Amino acid sequence: MAQPLVKKDDDRDDEADYSPFLGIEKGAVLQEARVFNDPQLDPRRCSQVITKLLYLLNQGETFTKVEATEVFFAVTKLFQSKDIGLRRMVYVMIKELSPSADEVIIVTSSLMKDMTSKTDMYRANAIRVLCRITDGTLLTQIERYLKQAIVDKNPVVASAALVSGIHLLQTNPEIVKRWSNEVQEAVQSRAALVQFHALALLHQIRQNDRLAVNKLVSSLTKGSVRSPLAQCLLIRYTSQVIRESANIQAGDRPFYDFLEGCLRHKAEMVIFEAARAITELNGVTSRELTPAITVLQLFLSSSKPVLRFAAVRTLNKVAMTHPMAVTNCNIDMESLISDQNRSIATLAITTLLKTGNESSVDRLMKQITNFMSDIADEFKIVVVEAIRSLCLKFPLKHKSLMNFLSNILREEGGFEYKKAIVDSIVILIRDIPEAKETGLLHLCEFIEDCEFTYLSTQILHFLGIEGPKTSDPNKYIRYIYNRVHLENATVRAAAVSTLAKFGAMVDTLKPRIFVLLRRCLFDNDDEVRDRATLYLNTLGGDGTVVQTSDDVKEFLFGSLDIPLVNLENSLKNYEPSEESFDINSVPREVKAQPLAEKKAPGKKPTGLGAPPAGPPSTVDAYEKLLSSIPEFANFGKLFKSSAPAELTEAETEYAVNVVKHIFDGHVVFQYNCTNTIPEQLLENVTVIVDASEAEEFAEVASKPLRSLPYDSPGQTFVAFEKPEGIPAVGKFSNMLRFIVKEVDPSTGEAEDDGVEDEYQLEELEVVAADYMLKVGVSNFRNAWESMGADCERVDEYGLGPRESLAEAVNAVIDLLGMQPCEGTEVVPNNSRSHTCLLSGVYIGNIKVLVRLQFGLDGPKDVAMKLAVRSEDEAVSDAIHEIVASG
Amino acid sequence: MLLAILVSNSAGNILLERFNGIPSEERLHWRTFMVKLGADNLKGARNEELFVASQKSVYIVYTVLGGVCIYIVGKDEYDELALTEVMFVITSSIKDACGKSPSERLFLEKYGKICLCLDEIVWQGILENTEKERIRRLIGLKPPNPTEI
């Protein structure tokens with residue numbers, strides 16, 4: 001039985017564990033709710049029972065449909081009572097119960113009565129309840145009252161109707177949109193909250209009408225907005241208008257003065273909102289940024305943690321795009337490293353790491369060391385990532401940064417944190433050659449005491465790749481061999497492979513490695529023994545100092561150039577028989593999905609997850625694949641393979657994409673096909689190519705795909721001959737032709753007889769960019785000067801009206817298919833001119849450098865000066881030819 | 001949108017929770033997250049001292065008020081500063097309803113009144129009223145003073 005509510009008793013005020021709801025139980029409270037049905041209602045008792053029901057609901061308790069209905073019907077009886085306190089509770093209770101559509105009818109008339117009541121507060125509450133439980137039909141009935149309520153002189157009634165409108169806009173937008181005149185009137189209200197709610201609703205109603213929002217902002221920024229909340233909304237809407245406004249010109253940005261004026265508002269909320277809006281302006285200039293940064297800097301030393309947090313969070317974002325603008329705040333930011341709030345401290349540190357200069361690195365690291373011990377792993381990971389970026393920015397500081405990473409690697413921490421550190425060290429080793437040897441030793445020390453099998457095996461693998469290439473590979477052996485004694489079987493097996501790699505790569509170490517490997521033959525784990533046996537037998541088992549042949553190295557340590565998923569599928573489908581499994585039968589084509597992911601723009605550096613010497617580049621894989629096909633074997637060296645281009649829509653019966661392989665005198669189209677219908681088996685799959693719009697190409701070979709079962713990708717090829725060394729272009733239309741056989745889904749067996757069928761594919765094009773390899777140069781200026789002006793060709797072009805300068809730059813880069821250098825592909829906003837540097841290798845292995853100078857000629861017309869330097873003047877001319885005809 | 005308002009006692013037991021737009025299967029996660037946040041940071045905190053955190057795209061502002069801890073979660077327009085406003089309204093209304101910073105028991109005794117206050121302050125995730133005087137009158141179904149408008 002539930003305890004009755006106890007009246008306040010000061011004597012027991014300090015009994016912390018005493019609760020008026022002690023032992024409360026749903027069933028008992030539902031029983032108590034029967035008092036709602038009493039003919040003589042006791043308002044006080046009823047209020048107490050409602051409180052208990054609310055307590056249950058607020059504790060996450062749920063009522064069954066029957067229970068909820070029962071309580072709802074009982075609560076509706078309470079409308080008979082005239083007690084004001086009880087009526088207020090009834091309103092809350094009905095909202096909490098959210099009755100179903102068929103129950104709502106019971107209470108509608110009482111609420112409608114309240115809604116037209118003379119008592120303002122009944123009206124306001126009835127509106128809120130009705131809007132909560134209403135559906136479209138009921139809404140049309142009460143719409144008239146709601147429209148009146150919006151302009152009611154009582155602000156509570158008006159606010160209730162406006163907030164209802166905000167909610168109803170989600171479910172019944174067409175009805176709420178009819179209220180814009182009333183809402184517009186409410187925006188002019190003298191009551192601050194009414195104005196706030198009206199502004200929010202009006203913007204939501206008109207958010208897709210750019211002109212209307214512009215008008216709203218224009219009129220309100222001139223007038224007075226009464227509450228800071230509404231002012232914040234106005235700032236947000238203003239930034240939206242600025243973002244969408246077309247004629248952004250530095251210096252006369254619309255509404256900037258309004259935003260800047262808000263920085264002097266008396267409410268901190270408004271100041272901050274305006275500062276943030278300014279920092280987020282597209283192409284914001286330093287002059288525009290300065291006042292905003294100044295107020296944010298003041299907030300950094302505020303006594304209020306929320307203000308400090310907001311300021312440092314915003315400055316952290318600014319530091320990503322305008323690090324120099326934030327440097328003035330560095331001193332204030334440094335004092336935040338010791339802030340009690342760890343979120344603030346972490347944000348301060350990561351900002352400092354972005355804005356700091358080379359000379360401040362050591363001081364910063366000292367401060368961070370003290371700070372790291374008392375923050376959670378998730379914050380530590382953020383700091384580690386920031387340090388990694390800093391190290392890549394200031395490679396000369398690698399010693400102290402690497403030391404820091406190795407120190408924190410020795411401290412306590414979870415897997416994700418440790419992985420972040422190890423990944424960072426790996427990236428630094430890879431990108432900063434001087435950091436390699438110390439980095440590897442840090443990793444060696446880490447695996448001496450590493451509790452994570454995954455990290456140990458990954459590090460061992462990495463050591464196997466990088467260790468043998470160092471000046472003294474000898475020193476890593478001890479760490480690796482210790483693993484064979486001290487670790488679990490997975491790590492031991494990885495250690496055996498790493499040892500073998502050292503043996504294969506460093507001939508002088510081989511005899512000693514053999515001694516160690518022989519000891520592994522007595523390991524109690526099969527895999528470890530098997531690996532040791534394999535390596536001993538293949539590397540030249542007598543242990544003398546001999547060179548291991550490249551074939552053996554390739555066999556043992558070469559990467560498996562087939563996707564593991566495909567290998568897994570093929571192995572699953574393989575039935576044990578006389579015929580051994582042939583690895584060449586495994587399809588090499590990866591499915592479209594992973595490729596799309598690969599193309600995703602996120603260029604976050606990866607650590608151990610994707611070691612560089614791991615899988616071979618796509619070109620290598622393609623080269624192997626093509627050279628294994630006799631028809632193409634005499635085409636010579638593969639110059640370039642394009643990225644796969646889809647020839648079918650997504651989610652069609654057959655998914656086909658094409659890769660263009662460019663040889664000196666040939667072009668091979670590789671059609672990657674996937675059959676997505678489980679009930680079909682396709683056989684003898686070919687692509688019929690019509691090259692009538694590609695005059696210089698003549699078909700020379702076609703390699704059909706014997707069988708294309710469901711969900712197992714396969715390839716068919718068509719090869720064309722073209723004039724040697726000439727960048728011939730043309731359009732090709734494609735038709736997939738095959739024999740389709742029905743498959744019995746229960747047995748998976750295909751019928752014997754099939755039907756010939758065809759499937760239209762999209763066209764493909766060979767363009768000039770296909771004859772250009774994207775090869776970057778590290779220092780364009782040096783490369784340009786050393787190339788010399790002998791084969792330079794310069795000319796000017798008018799590109800006509802363009803959407804923007806950036807669009808024109810990208811179009812030319814795409815046309816030429818060259819590698820943009822030094823980040824020059826990015827065009828700053830508002831620029832009227834831009835220089836873009838490109839480099840590449842043209843077919844015939846001719847290096848090409850291009851300097852493009854763009855300028856806006858009139859409002860939209862773009863003019864371009866193209867300077868080409870290459871090792872062959874014919875190639876320089878060819879580049880001009882591509883641009884002239886593109 | 002104000003995604004959640006949670007009130008717990010100092011031991012982390014939930015006294016009151018109101019979620020808006022958070023599916024029921026995710027509520028446990030939020031509950032646990034916030035109680036842990038409180039356990040990590042609120043020990044020894046001054047009365048009404050504000051704490052702030054952010055998790056992905058949402059903001060959390062939390063505080064201690066007498067014997068209870070209050071957590072508010074918001075996203076989009078309800079960022080850390082807007083949540084501070086909401087927190088101010090909530091704490092002042094609770095103090096108003098209880099007559100002082102409440103002990104856990106006092107909070108539970110005034111539970112009904114506090115529910116009404118919250119109902120006036122936040123309606124399905126949108127801030128509705130911000131003045132404690134006005135809220136006090138509204139929960140008694142009295143119109144606000146004309147001077148407060």
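Proteins get letters first, then strands, A, B, ... in listed order; numbering begins at 1 in each. Owing to the predicted nature of the structure, the values given are computational and were not obtained by experimental measurement.
Using a 4.5 Å heavy-atom cutoff, the side chains of B/Leu50 and A/Lys304 are not in contact. Counting only heavy atoms from C-beta outward, the side chains of A/Met89 and B/Leu116 approach each other to under 4.5 Å. Between A/Glu273 and B/Leu81, every side-chain heavy-atom pair lies at or beyond the 4.5 Å cut-off. A/Val306 places none of its side-chain heavy atoms less than 4.5 Å from the side chain of B/Phe51. Between A/Asn154 and B/Pro144, the closest side-chain pair of non-hydrogen atoms falls below 4.5 Å.
Neither the backbone nor the side chain of A/Ala200 comes within contact range of chain B; no heavy atom of the residue lies under 4.5 Å from a heavy atom of that chain. For chain B, no part of A/Leu162 is nearby; none of its heavy atoms comes within less than 4.5 Å. Of the two parts of B/Ser54, the backbone and the side chain both hold a non-hydrogen atom closer than 4.5 Å to a non-hydrogen atom of chain A. Looking at B/Lys113, there are no atoms closer than 4.5 Å to chain A (heavy atoms on both sides), in backbone or side chain. Only the side chain of A/Arg276 comes within contact range of chain B, with at least one heavy atom under 4.5 Å from a heavy atom of that chain. In this structure, the portion of B/Tyr59 lying under 4.5 Å from any heavy atom of chain A is its side chain and not its backbone. At a 4.5 Å heavy-atom cutoff, the contact between B/Leu138 and chain A is made by backbone and side-chain atoms alike. Of the atoms belonging to B/Ser10, not a single heavy atom falls under 4.5 Å from chain A. In this structure, chain A has no heavy atom under 4.5 Å from any part of B/Asn41. Both the backbone and the side chain of B/Leu127 come within less than 4.5 Å of a heavy atom of chain A. Proximity to chain B (any heavy atom under 4.5 Å) is restricted, for A/Ile166, to the side chain, taken from C-beta onward.
Ranked by heavy-atom pairs shorter than 4.5 Å toward chain B, the options A/Tyr122, A/Phe196, A/Phe309 are led by A/Phe309. Chain B forms more heavy-atom pairs under 4.5 Å with one residue of A/Arg308, A/Arg226, A/Arg313 than with any other, namely A/Arg313.
Considering every non-hydrogen atom in both A/Met269 and B/Glu85, the closest pair reads CE-CG, 3.1 Å. Across all their heavy atoms, A/Ser164 and B/Trp123 have their closest contact at OG-CH2, 3.1 Å. Minimum interatomic distance between A/Tyr55 and B/Leu15 (heavy atoms only, all atoms of both residues): CE1-O, 3.8 Å. The nearest pair of heavy atoms linking B/Arg134 to A/Val156 is NH2-CG2, 3.8 Å. Closest of all the heavy-atom pairs between B/Leu108 and A/Phe21 is O-CE1, 3.5 Å.
Checked for salt-bridge contact, A/Arg128 and B/Asp119 meet the test: a charged N lies under 4.0 Å from a carboxylate O. Taking 4.0 Å as the cut-off between side-chain N and carboxylate O, B/Glu120 and A/Arg88 count as a salt-bridged pair. Ion pairing between a basic and an acidic side chain is recognised when a charged N comes within 4.0 Å of a carboxylate O; A/Arg236 and B/Asp79 show such pairing.
A side-chain donor-acceptor contact under 3.5 Å links A/Asn341 to the backbone of B/Val52. The backbone N or O of A/Val163 lies less than 3.5 Å from no partner atom in the side chain of B/Glu128, so there is not a single donor-acceptor pair. Between the side chain of B/Glu80 and the backbone N or O of A/Leu307 there is no donor-acceptor pair closer than 3.5 Å.
With values rounded to the nearest 0.5 angstrom, A/Phe272 atom CZ is found 10.0 Å from B/Thr84 atom OG1. In this structure, the separation between CG on A/Leu22 and CZ on B/Arg105 is 12.5 Å, given to the nearest 0.5 Å. With rounding to the nearest 0.5 angstrom, the CG atom of B/Leu16 is 4.0 Å from the CG atom of A/Asn58.
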When you look at B/Cys115 and A/Thr51, which way does the side chain to side chain contact (heavy atoms under 4.5 Å, CB included) test go after all the steps?
CA-CA 8 Å; B/Cys115 286; A/Thr51 306; over 6 Å; no

Pair B/Asn129, A/Leu193 - check side chain to side chain contact (heavy atoms under 4.5 Å, CB included), show working.
CA-CA 7 Å; B/Asn129 285 301; A/Leu193 275 177; 3.8 Å; yes

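Environment of CD in A/Gln340: sparse, with no more than 12 heavy atoms of neighbouring residues, nucleotides or ligands closer than 6.0 Å. Heavy-atom contacts from other residues, nucleotides or ligands closer than 6.0 Å to CZ of B/Phe33 number more than 12.
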